[in-house]
**Student:** 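Below: one structure in structure tokens.
Owing to the predicted nature of the structure, the values given are computational and were not obtained by experimental measurement. Letters A, B, ... mirror the listed sequences (proteins, then strands); counts begin at 1.
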There are 4 protein chains.
Amino acid sequence: MTQLEQYTNNRARMLIACPDRPGIVAAVSQFLYEHGANIIQSDQYTMDPEGGMFFIRFEFELNHMDKELPILQEDFTRVADRFDMKWHTFRASRKKRLAIFVSKEDHCLLELLWQWKAGDLDADIAMVISNHNDMRKVVESFGIPYHHVPVTPETKAEAEKKHLEIIGDKADLIVLARYMQIIPPKFIEHFPNRIINIHHSFLPAFIGGSPYAQAYKRGVKIIGATAHYVTEELDGGPIIEQDVQRVSHRDNVENLKRIGRTIERIVLARAVKWHIEDRVLVHQNKTVVFN
Amino acid sequence: MTQLEQYTNNRARMLIACPDRPGIVAAVSQFLYEHGANIIQSDQYTMDPEGGMFFIRFEFELNHMDKELPILQEDFTRVADRFDMKWHTFRASRKKRLAIFVSKEDHCLLELLWQWKAGDLDADIAMVISNHNDMRKVVESFGIPYHHVPVTPETKAEAEKKHLEIIGDKADLIVLARYMQIIPPKFIEHFPNRIINIHHSFLPAFIGGSPYAQAYKRGVKIIGATAHYVTEELDGGPIIEQDVQRVSHRDNVENLKRIGRTIERIVLARAVKWHIEDRVLVHQNKTVVFN
Amino acid sequence: MTQLEQYTNNRARMLIACPDRPGIVAAVSQFLYEHGANIIQSDQYTMDPEGGMFFIRFEFELNHMDKELPILQEDFTRVADRFDMKWHTFRASRKKRLAIFVSKEDHCLLELLWQWKAGDLDADIAMVISNHNDMRKVVESFGIPYHHVPVTPETKAEAEKKHLEIIGDKADLIVLARYMQIIPPKFIEHFPNRIINIHHSFLPAFIGGSPYAQAYKRGVKIIGATAHYVTEELDGGPIIEQDVQRVSHRDNVENLKRIGRTIERIVLARAVKWHIEDRVLVHQNKTVVFN
Amino acid sequence: MTQLEQYTNNRARMLIACPDRPGIVAAVSQFLYEHGANIIQSDQYTMDPEGGMFFIRFEFELNHMDKELPILQEDFTRVADRFDMKWHTFRASRKKRLAIFVSKEDHCLLELLWQWKAGDLDADIAMVISNHNDMRKVVESFGIPYHHVPVTPETKAEAEKKHLEIIGDKADLIVLARYMQIIPPKFIEHFPNRIINIHHSFLPAFIGGSPYAQAYKRGVKIIGATAHYVTEELDGGPIIEQDVQRVSHRDNVENLKRIGRTIERIVLARAVKWHIEDRVLVHQNKTVVFN
């Protein structure tokens, strides 16, 4: 076992959301201490001291993860019940498995593949699914399965079924890396807050199609990109990350697209990284990001 | 005469917009050279080499401005006619006169007053007009006239009339420094592309009232401010400048307002500076900013 | 008592630094819970899970601060001893008192005065000290005492003595708002990690005098400003905050200064705000900023 | 011939540097007009109206480039002599040929390969040269020749000779994409202002080795990267572009490196893009970038 594997093997994260009231931090940290967990990092956020929601993330180490984590999880139900908590634990060694959807623009996909290959994205890329066949060669060169599922207005329902079959239980997170098809509600239901989309505008500006053309038309001086969880409302889901870049009157639509590609790549990669490190909690239509 | 006055005295700017075709730069620069004008800076932009609009800004010096500029202006009509130009010349020594409108938030007004006092804003502040009396003392301490014109739903028309009377021909530029009243179309007609508003969001996101509350509700990760010329369409006029700042889930509406105040101040001051230095051209609903 | 005062009155902060080992968070949060403290926010940072330093900041509420805080403080010594902690508690209602030093440039001073007046800077400004008399009028218009202490090469020692006399025990934090004199070691000793300076460059680039001239000469494409605690090493103390702005070949030294003024104002104000909210811990020559 | 080729075929750029005096713009633009050149873009910069240097860049179209450009070039010598100009013309269709040097870090190289493949980098990549063999496979998969030239302290002189042999007259620009060897003066002489290096810090901060470790040690709150032309002075050549990213006390050296990789990629790609579009003029130790 390498040192990195050993590190990862002993590391776990706990995410908790519950109504705020006194004693939560004390109870959880006392609990973790008594179960031999060494807290490496903790972040918390309360929406409002009186009666709002409380969110906390612990990153901790256990000496004998395999044996001790199940006990810790079982015992924790008592704490959780007492405070009416929604909670999850995640082992760092259990990498999230990604299914990446892509159409014809390759920059977001390539950024993810790169960062993954460079070791900056601590996930497994289970597959790439596309409505085109263009990127098969580059994807397969990384040793990743590529599935071509054509989508036409007539075959939408069929394609959706095919998507779910291909993915099966092989993916924890769906990443829409410039996938230019509307995601049907049924599919979204399968992956609540587990589909990340990159929208090529600074939302909520320029919702829908051709946002760079919209931005050009409006004459904005800054363009942006937004990574968000997909909900039924088009471009309306909880925002995970946004970033921007200055532009000028000299930049035509083609330039905006080119400049935007770099923003999209960076924003999507950051959002995916935070998700797979269990740093994102969703409450109603907003995110709490402990980064 | 101080050195600065001498500098300013000899300096002029020329803004031109015309349909693009060969020979414009040659014709104008040749013309300026023959009239003894030394070009200090020139900026140009063509929307499209074939059949689009062409914009150019020259900053030049004349040794005997008083005598030579009128001649230059008269002679230039021949060049202008040949190329179907819209054009203006501005003497740097003829400072733009500002009428600043303000309501209860003082930060944008104070920034302008400060920069003006520090010599960073090369304009005259002719007056401050407010629908409240709160800032009279601070404004008058700068030696600037303060006019209190209350506005109620019933007195809107009257107030508008009063505004025009007070301003008369004393102002070249209207600056809405967080003035929280809708500007009526009649007033806008008097100052086409000469009313600058600061909107406290990254337009076109969050048009209208309470943009920080809107931003909080949407859960954006970056907030912004936008300086634009006022047109009849609410928050829809040509954008001059925008800037942004990163925020997080920890920032409640009050924090967004506080962070936003700094962005608003900077963005409005930049837009006003560029306008008074004759760096902004408007074409349709967009600006060309030669900064 | 207003609602704000009540809020402030019940609020306290605790900063802790100690060698990292298991059980710290549990012990402190359990302790706070048992003493009736409701944790509003906690932030922690460990330099290294094995044998590094551990830093934690709690913001909490007590229902009867006056009575309960002294008990809490006394009882905490047992926890502190067990973990070898350096710790402080601060009541939010006990505002930090600032002594601001300034020379001839007024922008940083004015920014602080403004933010203070706008209620964004939760401190008392006890006095302004200057080696010039230029800003007496503006400072006194805010109702703040102004002390003119001329400094010449011959009177340096005397001036230092005078400074300490004037300040006495009236200030908790010294802010050098573009004060252009070297601070002598004796003075620094009186205020360890309690003197904040704004240096007008992106440190460690351009240490010492005329940083904008240095930046112009080197042809950098971005300029910056740095707020840091003052130590004996010139411009070498722990950095609290930095920010930057893009510039170009068109910007001469005067432009860099003008652009820089806005950065300096913002960076200094942020650093002061974080200090007075007890968000900054110093370890060796670096800061941990819980913002 | 495609439309893009036709566009490129008719396009040329002219860069001029000369002592400033009246009539330069008029003379050159008149000259271009008389030779049938349609000016698409012009940018100019004067260091100082009285007696400084003057820089200008024209982008223009000629209907019959092959025939007309040589005539234009020959005729221009008269204008150039009159104003004591240093000048160059570049045909847009004559792509710059790049030789990219790389060691073991692949991110900067891959960014350039990507942007090149996406059509965003209008150049030919003539070869990649490395002191390691690691990246042969990925480079050759792009159809680009890969040369492995090991460098040891003993073989430095030999390696330099080998480099010059391999390059011959096949490259117009050398790009050091994280090439971790000192470039010898002889080599620099062959490519004056035609070697671009990416330094992984915000120069002039953290010159030399391990800049991220230096940045971590100093506790800076922002890190950056700098693209510059290589001169004999280590990390001291004319800066073309810089960019930065915010970091915090939580970021250890590994994190700084990871965050820095994205900055390095973007900054180097921008600098190379500007160079190959003939947008960069060097004067003494600074650049004028017409972007």
**Student:** Which pair of heavy atoms, one from C/Asn38 and one from A/Pro22, lies closest together, and at what distance?
**Tutor:**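 Looking at all heavy atoms of both residues, the shortest contact is OD1-CA, 3.4 Å.
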
**Student:** For the NZ atom on C/Lys117, are there more than 12 heavy atoms of other groups (residues, nucleotides or ligands in this structure) within a distance under 6.0 Å?
**Tutor:** no

**Student:** State the OG1-CD1 distance between A/Thr46 and C/Ile39, to the nearest 0.5 angstrom.
**Tutor:**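 Result: 11.5 Å between the selected atoms.
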
**Student:** Which atoms form the tightest heavy-atom contact between A/Ala26 and C/Ser29, and what is the distance?
**Tutor:** CB-O, 3.2 Å

**Student:** Does atom NZ of C/Lys286 have more than 12 heavy-atom neighbours from other groups under 6.0 Å away?
**Tutor:** yes

**Student:** Could you give the distance from CD1 (A/Ile40) to CZ (C/Phe54), rounded to the nearest 0.5 Å?
**Tutor:**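 Output value for this atom pair is 9.5 Å.
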
**Student:** I need the minimum non-hydrogen distance between C/Gln44 and A/Ser42, along with the two atoms involved.
**Tutor:**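 Between these two residues, the closest heavy atoms are OE1-OG, 2.7 Å.
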
